Structures are given as structure tokens and as C-alpha cells.
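Accompanying notes for the structure given below.
Small disclaimer: the values here were computed from a predicted structure and weren't measured.
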Amino acid sequence: MAFFIPNFRNIRLETSIAGDWTIQKLGRKGRITMSFEHLGIEKKWQKYWDENKTFKTNTFSNKEKFYVLDMFPYPSGQGLHVGHPEGYTATDILARMKRMQGYEVMHPIGWDAFGLPAEQYAIDTGNSPKEFTEANIQTFKRQIKELGFSYDWDREVNTTDPDYYKWTQWIFKKLYENDLAYMDEVAVNWCPALGTVLANEEVIDGKSERGGHPVVRKPMKQWMLKITAYADRLLTDLEDLDWPESLKEMQRNWIGRSEGAEVTFSIEGHDETFTVFTTRPDTLFGATYAVMAPEHPFIKMITTADQKEAVENYLHEVQTKSDLERTDLAKDKTGVFTGAYAVNPVNGEKMPIWVADYVLMSYGSGAIMAVPAHDERDYEFAKVFELPIKEVVAGGNIEEEAYTGDGSHVNSEFLDGLGKDEAISKMIDWLEKNEKGTKKITYRLRDWLFARQRYWGEPIPIIHWEDGSMTAVPDEELPLELPEMTEIKPSGTGESPLATNEEWVNVVDPEMGMKGRRETNTMPQWAGSCWYFLRYVDPHNKEQLADPKALEEWLPIDIYIGGAEHAVLHLLYARFWHKFLYDIGVVSTKEPFQKLFNQGMILGEGNEKMSKSKGNVVNPDDIISSHGADTLRLYEMFMGPLDASVAWSTNGLDGSRRFLDRVWRLYINDDNSLTDKITDEAATELDKVYHETVKKVTEDFENLHFNTGISQMMVFVNECYKADSIPKNYAEGFVKLLSPVAPHMCEEIWQKLGNEKSISYAGWPAYDESKLVEDEVEVVLQVMGKVRAKLSVPVGTAKDDLEKLALSEDSVQKWLEGKTIRKVIVVPDKLVNVVAN
RNA sequence: GCGGGUGUGGCGGAAUUGGCAGACGCGCUAGACUUAGGAUCUAGUGCCUUCGGGCGUGGGGGUUCAAGUCCCUCCACCCGCACCA
């Protein structure tokens with residue numbers, strides 16, 4: 001055979017025609033040795049697992065349950081990138097190990113398939129988003145299967161399947177019935193180019209996240225979910241979760257609980273009062289002015305005639321600024337006096353009311369009492385506009401800067417002399433007694449805007465009647481299916497394309513004959529991903545979302561692995577829905593994800609994020625054909641700790657392949673027979689390293705320390721090469737340990753070792769603690785903390801004996817010449833340190 | 001600015017309770033086998049060195065018989081939030 005095969009480097013390849021052709025046809029520039037022919041082996045076992053449904057989960061078995069979950073993938077048109085297999089391999093290793101340890105493992109996958117890209121594609125090309133999505137799913141599915149993940153494919157779910165979104169709609173109805181879904185007129189991010197409203201998180205730097213189109217503010221009637229009703233529980237229940245601390249902190253900040261007081265101020269010459277929220281009610285005597293947000297409804301009413309022009313100019317100026325500009329350019333404080341005065345409830349002093357955009361309408365009540373002496377923002381503002389600064393807490397220098405620390409109160413009548421905490425509670429008592437205010441907890445978290453003006457999403461099951469009332473679609477009419485539409489274009493009015501589908505949108509009540517119109521908004525993409533992990537447990541249930549008995553068996557999820565990009569939104573929304581479902585008795589746990597882990601990112605070779613524009617994207621398909629899925633899995637786990645972001649390295653990938661080749665050659669000869677190194681003898685030279693390896697790999701995998709577990713397996717293989725023979729039970733034990741990482745190759749070796757059944761349910765190896773200790777141990781001899789000699793002694797040598805042995809050692813004596821021994825520290829089985837001078 | 005995190009060879013990274021820094025892999029050097037090698041095998045590989053040894057975990061200081069690990073301080077980088085009253 002005379003092909004030119006790039007990087008061809010094993011003469012024996014030429015004799016294997018089948019191998020040549022595969023490699024030749026794929027044209028990969030991989031480094032293939034004939035010893036381990038991955039293409040054939042991987043296909044063979046993927047077919048075997050599929051045909052035998054090897055990884056089918058028995059919902060109600062007697063085994064202990066283990067639920068391993070991957071984050072719900074969005075099947076994009078680009079297919080898988082090398083970042084996907086990192087998290088998926090980690091969960092797959094756990095799933096495979098747990099199965100071998102005798103657990104009943106739930107390890108499912110599915111598709112979060114609604115979303116803007118499919119709709120954009122449909123608009124751009126006139127094709128159906130459904131077909132496009134279906135094709136993308138097929139690509140993802142093929143790629144995932146080629147990586148050898150042990151999913152139970154009978155549990156595959158798809159958010160765009162009416163049998164699935166029937167229950168998404170059902171949950172929405174329940175939220176609606178429990179007053180947690182409501183309609184409100186809110187200023188939303190209207191993107192004219194996309195013809196849709198975007199959530200805050202979809203707007204980046206004033207442009208749409210997808211497409212980078214400009215975004216403007218526009219008031220619109222929207223569906224909202226009252227997540228704020230759960231703010232406190234979402235916060236406190238974080239405590240018991242085994243999640244990364246940084247992530248919990250992000251959620252805490254997002255929820256942003258702050259404790260303080262609401263204080264009511266009257267306005268001079270008006271009957272109306274306004275309230276402010278403050279975390280420092282103790283500084284009320286130091287409040288010298290008040291500020292309202294530009295959107296505050298009272299501004300028009302209270303502005304005096306001579307300030308009218310100035311205020312209107314200011315409001316206009318602010319309106320034309322985007323949110324970004326308002327916050328970003330906020331280095332310099334701006335604002336205008338309204339001409340009106342508030343009355344400080346505690347001392348009756350007049351406080352000018354200003355308008356300024358450093359106060360946000362969306363937080364608290366949209367108005368503040370300004371205490372410039374003890375708040376940095378107020379201080380800065382007061383300096384700019386020369387407003388009075390009155391010290392009420394001693395300890396700082398208010399000539400220089402605001403003092404926000406603790407201290408003794410001054411100029412504060414009944415608070416004088418008190419510290420911060422005492423003063424706060426005393427002031428709250430006073431406010432409550434005099435009906436001027438009350439204790440109050442405020443959250444930064446806002447209600448969830450739960451509507452998108454799009455076609456490709458779950459229809460919201462609500463009908464608006466001509467009499468102005470609205471009702472939910474009856475349960476027996478669910479799912480309310482998304483109608484097939486030949487043309488999907490934004491209506492242009494801000495409504496979704498569904499508004500143009502007369503047949504679908506118009507309804508008549510069969511009994512009363514009243515006319516109505518269906519809700520044309522659809523749900524945001526987050527909806528389907530809020531509960532998918534529940535459906536996996538009972539995916540074909542026609543009567544309910546899932547059998548409560550099955551949910552009880554499997555929840556909470558034992559381990560959930562995915563990227564940190566979902567740290568806040570997805571995880572908070574899913575927790576919210578889960579708590580709601582708990583309240584209405586659907587699920588029996590308060591939290592869905594007991595343990596969560598964020599995998600790091602895989603960067604391009606230049607240590608930059610992989611992106612098409614940089615041309616540094618690595619395609620898993622290429623690696624699977626050149627090096628094999630097992631190599632890719634092994635490499636991604638060996639690169640570094642799972643949570644680190646590490647750059648891709650082709651050399652490192654080659655190294656992983658080399659290790660698998662070394663393992664293969666340890667067991668299998670070129671003629672495919674077993675090597676004669678594997679014997680039935682009970683050799684002892686590998687005892688210690690074998691048992692160490694079993695122990696370390698088991699513990700490391702359990703703790704997601706795959707890189708160190710793999711390195712221990714490399715140590716074992718190196719020792720095996722040095723040994724004369726390998727006892728068969730060690731040889732088998734090692735293949736089992738490696739099988740979660742490199743399942744195809746290990747199945748093949750397992751079979752060649754004479755086993756008929758799949759390795760997937762072979763018992764996980766156990767280790768013998770007694771084999772880990774040796775009779776002799778090396779003790780380090782130090783003089784003044786520096787290692788000068790080493791000594792081999794029997795384990796458990798007494799302290800005194802060890803000290804004598806150490807001091808009689810020549811190499812130690814040499815360092816003690818002319819010195820007096822002050823102290824000898826002996827740590828048995830570890831070291832002796834002689835202190836001398 | 002605030003909150004969280006990370007700094008260890010040429011590179012990715014290992015190091016129980018403070019107890020031999022650099023496991024394992026990559027890369028590199030030399031050798032062996034070879035028509036050939038980006039295969040395989042063997043040996044070596046933190047830095048400096050007058051070959052005695054000295055110095056080394058971002059910088060400086062401290063605690064200790066002993067510090068990558070504990071404390072103080074400074075610096076750099078990454079992530080999140082960004083006027084949240």
C-alpha cells in the first residue's frame with residue numbers, strides 16, 4: 001500500500017489495510033500507532049451500548065440512587081465545541097464509577113431547544129425553526145454518542161416537544177393561580193432590529209447580546225413572575241448547599257438583601273408624603289436634603305414654578321442617556337433642586353428636595369434621605385452643590401471625607417452617645433412609636449420579566465377576553481401548541497409573530513360566545529430549563545409532570561456540573577420554581593441541586609478564549625477521528641483541575657494518547673493476543689502501588705480530582721512496565737479503574753481478558769489498607785531544618801531509638817562538629833531535626 | 001470602588017493535620033534500536049556553583065526546631081457586581 005499518510009510513523013500500519021483506509025479517508029494528521037485502533041473499537045462499543053441499552057436506568061430499583069446531571073445544552077448550529085466534553089466527561093466518569101460501585105445511576109441528557117438563534121435563522125432564511133432545531137439536535141446527539149457518554153437515551157427530553165412544554169405551561173398556570181404571575185406595565189429593553197423585548201441580562205453595553213443591535217427603553221405590558229416573594233428563602237436556603245462559595249456569594253449579591261428602615265417624610269405645602277429606605281436610620285439627624293430619582297412620580301407635582309425649567313431640562317437630559325451612560329458616566333454627580341422642601345420627621349428641619357440620577361427608581365422607593373457626613377455618594381453630591389454637611393457620628397473627619405464607620409452619636413438628641421447598632425434600633429423604635437417609619441428589609445432582586453415577543457417559545461396559556469378579563473387555558477386543552485407558521489416575522493408592533501396568525505390568536509368562548517384573544521407573548525428560554533431535571537425522572541408520564549414517588553426516589557440531584565455562566569440566572573430561576581413546586585406539593589425537597597460544581601473553560605492554545613474570529617476553535621469531531629474519544633476524554637480530565645481554565649495543547653493531547661497506547665501494549669500484543677506479562681501468579685512487587693492506586697483513584701474521582709487520579713494511574717502503569725509480571729486480578733482491577741475515563745478501550749481490553757459481560761457493571765475494585773503500609777520507612781534527618789541525610793528504619797521505631805540512630809549517623813555528625821545540641825525534634829516515621837549552634 | 005479567587009520549573013500542574021517542594025504529563029538533552037522517526041526503549045532535566053555547598057513556591061516582614069501551607073503588608077492577574085441608599 002503506498003498512500004501518503006501525513007505523520008505516518010509505524011511501518012506495521014501498512015499491513016493493516018482496513019486501518020489504512022480509515023485513516024486515509026479521514027485524512028487526519030494524527031499520530032496513530034497500530035496497537036490501538038480507536039476508530040473501530042469506539043464504533044464497536046458505542047453500537048454495543050446502544051443495542052443493549054446498557055445505561056438504562058431502573059426508576060424503582062432497590063439499589064441506592066445517584067443522580068448525576070449535566071447542564072441542559074442548547075443545540076446550536078455550530079455543534080459541540082471542546083468545552084462541552086469537559087463537564088460531560090466529568091459527570092460521565094462519576095456515573096460510570098457509581099454504576100460499578102452498585103448504585104442505580106440517573107444520567108440523562110436532553111435539549112433546551114427554544115431560543116432566539118433558531119428564530120433569527122428562520123427569519124433570515126424563511127425556513128422552519130422546528131426543522132432547523134431538529135437538525136441541530138441530531139448533530140449534537142451524534143457528537144455526544146461519539147464521545148461515549150453513558151446516557152440513558154430513553155429519557156431524552158426536548159423543551160420544544162408539546163408533551164414536554166405541556167408541563168411548562170402547567171407550571172405557569174399554577175404560578176398564575178397562586179398570584180405569582182401577573183401583568184405589569186414596565187419599561188423594557190425594546191430592540192427594534194430584533195423586533196423584540198430583551199431581558200436586562202441580554203443587553204450588554206446598551207446593545208443586544210445577540211446581534212449587537214441598539215436597544216431603547218419602551219413601556220409595555222408584560223408578564224412578570226414574583227420571584228421577590230421567594231427572595232428570603234432563596235437566600236437563607238443557600239446555606240445548606242454544597243456549592244462553590246464564590247457562586248453562593250454571587251447569588252447573595254444578586255438577591256442583595258439589606259436591612260434598614262422606611263422613613264416617611266412630609267412635603268412642605270403638600271398633603272402627600274414620600275418614603276425613603278435607609279440602612280442607617282441612626283443618621284436621620286444628619287439628613288440635610290432629600291433626593292428623588294428622575295422617574296419619581298412626585299417630581300412634576302412638587303417642582304416650584306421658578307425651578308420648573310431647570311428640572312425639565314435635567315429630566316430630558318437624563319432620559320436621553322442610556323442606563324449604561326447613567327451608571328458609567330456617574331463619576332460626576334449631577335442633579336437639580338426642585339424648589340420643594342421635605343420635613344425631617346425627627347427634628348422638623350427643612351430639607352431641600354433635589355432630583356438626581358444617582359438615585360435609582362428601581363431600588364427601594366426611588367427616593368433617599370441624604371446624609372452627606374456619613375455616606376460617600378451623598379458627600380460627593382453635597383460637595384458639588386454646596387449643601388450642608390452635618391456630623392452625627394463621631395470618629396471621622398468630615399472636612400475630608402464621609403465617615404461611614406461606627407462611632408458615638410453626636411448632635412442627635414436621644415441618640416447621643418450611643419454606638420451604631422444601638423442607635424439604629426432606638427431610632428426604629430422611635431419611628432414606629434411616632435408612626436414616622438418602620439423597620440424594613442429591601443432586596444435588590446427584582447421580579448422576573450417572563451415574556452418574550454417571539455414565536456419560538458412556549459405559548460403562555462392565557463386568553464384575554466373582550467370584556468377585559470383574562471383566564472387561563474383549561475388543563476384539558478394543554479398543551480397549547482405553537483402553531484406551524486410559514487412566515488415568521490416580527491409583527492412590528494412589538495407583539496410576537498403569533499399576533500399575525502388570526503386563526504390561532506382569536507378564540508370564542510363556546511358557552512358564552514364571548515370573543516377573546518390569546519396571549520401572543522411566549523415564555524423566555526429559561527422556562528424549560530427550570531424543571532427539566534424533574535422530567536428526566538419520569539419522562540413519558542401523560543398524567544402529571546412526574547410521578548411524585550419517582551421524584552422522591554431521585555431528588556435532590558447528587559451532583560450538577562456545568563459552566564459558571566449560569567451562576568446566577570438559571571440557578572436562581574430553577575431554585576425559585578423548585579421551591580414553588582415544593583410549596584404546592586409536587587416535589588419533596590426544598591432545593592433541587594444539593595451539590596454543584598463549575599467546570600473551567602478550555603482556552604485556545606494562545607491562552608485566549610476560543611472563538612471563530614480568532615480561528616483557534618478545536619472541533620471535537622477532528623480529535624475523535626485523529627486521536628479517539630477516549631484520548632479526548634482522558635486529556636480533558638488530565639489537563640488540570642476541573643474548575644481551572646486551561647489552554648488547549650496539541651502536545652498534551654498526544655501525551656494522553658501515548659498513555660493509552662502504553663496501557664494497550666501492556667495487555668495486548670500486535671497480533672491481538674494477550675501479552676504473557678499478565679499471569680495468574682500472585683506476585684507481590686506491585687501490591688503496594690496497586691492498592692495505593694485503587695485508593696487514590698477512588699477518592700480522587702469522588703472528589704472530582706480527575707487530574708491527580710489519572711496521574712496515579714500513570715504511576716501504576718510505569719511500575720507495571722518495570723515489573724516482570726502483572727497478576728491478572730491487578731490487571732483487571734486497573735482496567736476497571738481506567739474504564740470510566742476511557743470506556744471504549746477498556747471494554748475492549750476487558751473482553752480480551754476473557755470477560756463476556758460489559759465492564760460497565762463490573763464491581764469497582766476495593767483496596768486493602770494493610771497493603772499500603774510497608775515494614776520499612778524512610779526518615780529524613782535534618783540539622784537546623786536542612787535535610788542532611790536519610791535513613792531507612794522499621795515502621796514504628798521509638799522516638800528515643802530514632803534520635804540515637806540519627807545522632808550516630810556520620811553525615812549528621814559532620815554537621816554537628818563544634819556545635820552544641822540544643823534540642824532534637826523527632827516525628828516518628830517522618831523525620832528527626834537536630835537543633836544545634 | 002466593593003465582593004470573591006489565583007500567583008509554585010521552559011509549560012500544564014502535584015504536595016494529608018505546618019514535616020524531603022516540583023508527583024504525573026508536556027517540552028528539552030544524551031544514548032539505544034533503526035533505511036528513516038514527530039514511533040519505541042534507557043538515562044537526565046528547578047536555578048546558581050569554586051562541586052564543599054548555596055538559593056529557591058509573586059515582593060517584603062513575622063511566628064516556628066521546621067512555612068508553598070499560619071499571621072501582617074505590598075504587588076500582579078482573573079471572575080462577578082458596579083451610585084442598591
Between A:Asn718 and A:Arg662, a side-chain donor and acceptor under 3.5 Å: yes

A:Lys440: salt bridge (charged side-chain N to carboxylate O under 4.0 Å, His left out) partners, not counting sequence neighbours: A:Glu262

With sequence neighbours excluded, residues passing salt bridge (charged side-chain N to carboxylate O under 4.0 Å, His left out) with A:Glu86: none

Under the 3.5 Å rule, do the base of [N] and the side chain of [X] count as making a donor-acceptor pair?
X: A:Lys333; N: B:C83; answer: yes
X: A:Lys823; N: B:C65; answer: no
X: A:Lys830; N: B:U17; answer: yes

Partners passing ring pair (Phe, Tyr, Trp, His ring centres under 6.0 Å) against A:Phe274 (at least two apart in sequence or in another chain): A:Phe265

A:Phe298: ring pair (Phe, Tyr, Trp, His ring centres under 6.0 Å) partners, not counting sequence neighbours: A:His296

Grab the N/O contacts between the protein and nucleotides 26-33 of chain B below 3.5 Å, and write none if there aren't any.
{"residue": "B:C26", "atom": "OP1", "partner": "A:Arg658", "partner atom": "NE", "Å": "3.3"}
{"residue": "B:C26", "atom": "OP1", "partner": "A:Arg658", "partner atom": "NH2", "Å": "3.0"}
{"residue": "B:G27", "atom": "OP2", "partner": "A:Arg658", "partner atom": "NH2", "Å": "3.3"}

Pairing string, 5' to 3', for RNA chain B - Watson-Crick or wobble contacts under 3.5 Å, brackets [ ] where pairs cross, | to another strand: (((((((..(((......[....)))((((((.......))))))(((....)))..(((((..]....))))))))))))....

Give me the distance, rounded to whole Å, that separates [N] from [M] when you measure between the [atom1] atoms they each carry.
N: B:U29; M: B:C47; atom1: P; result: 15 Å
N: B:A23; M: B:G13; atom1: P; result: 15 Å
N: B:C55; M: B:C41; atom1: C1'; result: 36 Å
N: B:C26; M: B:U40; atom1: P; result: 9 Å
N: B:G68; M: B:U57; atom1: P; result: 7 Å
N: B:A30; M: B:C75; atom1: P; result: 45 Å
N: B:C72; M: B:G53; atom1: C1'; result: 33 Å
N: B:G5; M: B:G56; atom1: C1'; result: 26 Å

Using whole Å, what does the distance between atom [atom2] of nucleotide [N] and atom [atom1] of [X] come to?
X: A:Phe638; N: B:A14; atom1: CZ; atom2: P; answer: 10 Å
X: A:Ile368; N: B:C83; atom1: CD1; atom2: C1'; answer: 10 Å
X: A:Leu831; N: B:A21; atom1: CG; atom2: C1'; answer: 15 Å
X: A:Tyr443; N: B:C81; atom1: OH; atom2: C1'; answer: 19 Å
X: A:Met714; N: B:G12; atom1: CE; atom2: C1'; answer: 12 Å
X: A:Asn598; N: B:C78; atom1: CG; atom2: C1'; answer: 15 Å
X: A:Tyr721; N: B:U42; atom1: OH; atom2: P; answer: 9 Å
X: A:Phe716; N: B:G25; atom1: CZ; atom2: P; answer: 15 Å

Atom of A:Leu816, atom of A:Ala836 and distance for their closest heavy-atom approach: CD2-CB, 3.8 Å

Base orientation of B:G9, syn vs anti, 90° cut from 0: syn

Chi-based syn or anti call at B:G80, which uses purine or pyrimidine torsion atoms and a 90° bound: anti

Comparing A:Ala644 and A:Gly256 on RNA chain B - which has the more 5′ nearest nucleotide: A:Ala644

Comparing A:Arg444 and A:Val715 on RNA chain B - which has the more 5′ nearest nucleotide: A:Val715

Ring centres under 6.0 angstrom apart (A:Phe381, A:Tyr289): yes

Enumerate all atom pairs, one protein N or O and one N or O from nucleotides 2-11 of chain B, separated by less than 3.5 Å.
none

Counterpart residues, side chain to side chain contact (heavy atoms under 4.5 Å, CB included), relative to A:Lys248 (two or more places apart): A:Leu238, A:Trp243, A:Glu245, A:Arg252

Can you name the atoms? Protein N/O to nucleotides 48-58 of chain B N/O, anything below 3.5 Å, with the distance.
{"residue": "B:G54", "atom": "OP1", "partner": "A:Arg788", "partner atom": "NH2", "Å": "3.3"}
{"residue": "B:G54", "atom": "OP2", "partner": "A:Arg788", "partner atom": "NH1", "Å": "3.3"}

Short side-chain N/O contact to B:G25 OP1/OP2 from A:Asn718, under 4.0 Å: yes

Distance below 4.0 Å between A:Thr442 side-chain N/O and B:A85 OP1 or OP2: no

Touch class at under 4.0 angstrom, heavy-atom based, for A:Asn707 against every strand present: sugar-phosphate

Sugar-phosphate, base or nothing in reach of A:Gln782, heavy atoms under 4.0 Å: base

For residues 637-649 of chain A, tabulate all N or O donor-acceptor pairs below 3.5 Å that involve a side-chain atom, not counting sequence neighbours.
{"residue": "A:Ser645", "atom": "OG", "partner": "A:Met601", "partner atom": "N", "Å": "3.0"}
{"residue": "A:Ser649", "atom": "OG", "partner": "A:Asn651", "partner atom": "N", "Å": "3.4"}
{"residue": "A:Ser649", "atom": "OG", "partner": "A:Gly652", "partner atom": "N", "Å": "2.8"}

Name every donor-acceptor pair, under 3.5 Å, that has one atom in a side chain of residues 702-717 of chain A and the other anywhere in the protein, sequence neighbours excluded.
{"residue": "A:Glu702", "atom": "OE1", "partner": "A:Lys98", "partner atom": "NZ", "Å": "3.2"}
{"residue": "A:Glu702", "atom": "OE2", "partner": "A:Lys98", "partner atom": "NZ", "Å": "3.1"}
{"residue": "A:Asn703", "atom": "ND2", "partner": "A:Glu699", "partner atom": "O", "Å": "3.0"}
{"residue": "A:Thr708", "atom": "OG1", "partner": "A:Asp700", "partner atom": "OD2", "Å": "2.9"}
{"residue": "A:Thr708", "atom": "OG1", "partner": "A:His705", "partner atom": "O", "Å": "3.0"}
{"residue": "A:Ser711", "atom": "OG", "partner": "A:Thr708", "partner atom": "O", "Å": "3.3"}
{"residue": "A:Gln712", "atom": "NE2", "partner": "A:Thr693", "partner atom": "OG1", "Å": "3.1"}

Side chain of A:Arg662 (C-beta onward), nearest among B:A85, B:G13, B:C41: B:C41

Where at least one partner belongs to residues 712-722 of chain A, residue pairs that pass salt bridge (Lys or Arg N to Asp or Glu O under 4.0 Å), sequence neighbours excluded: A:Glu719-A:Lys722

Nearest-0.5 Å distance that lies between atom CD in A:Glu809 and atom NZ in A:Lys790: 13.0 Å

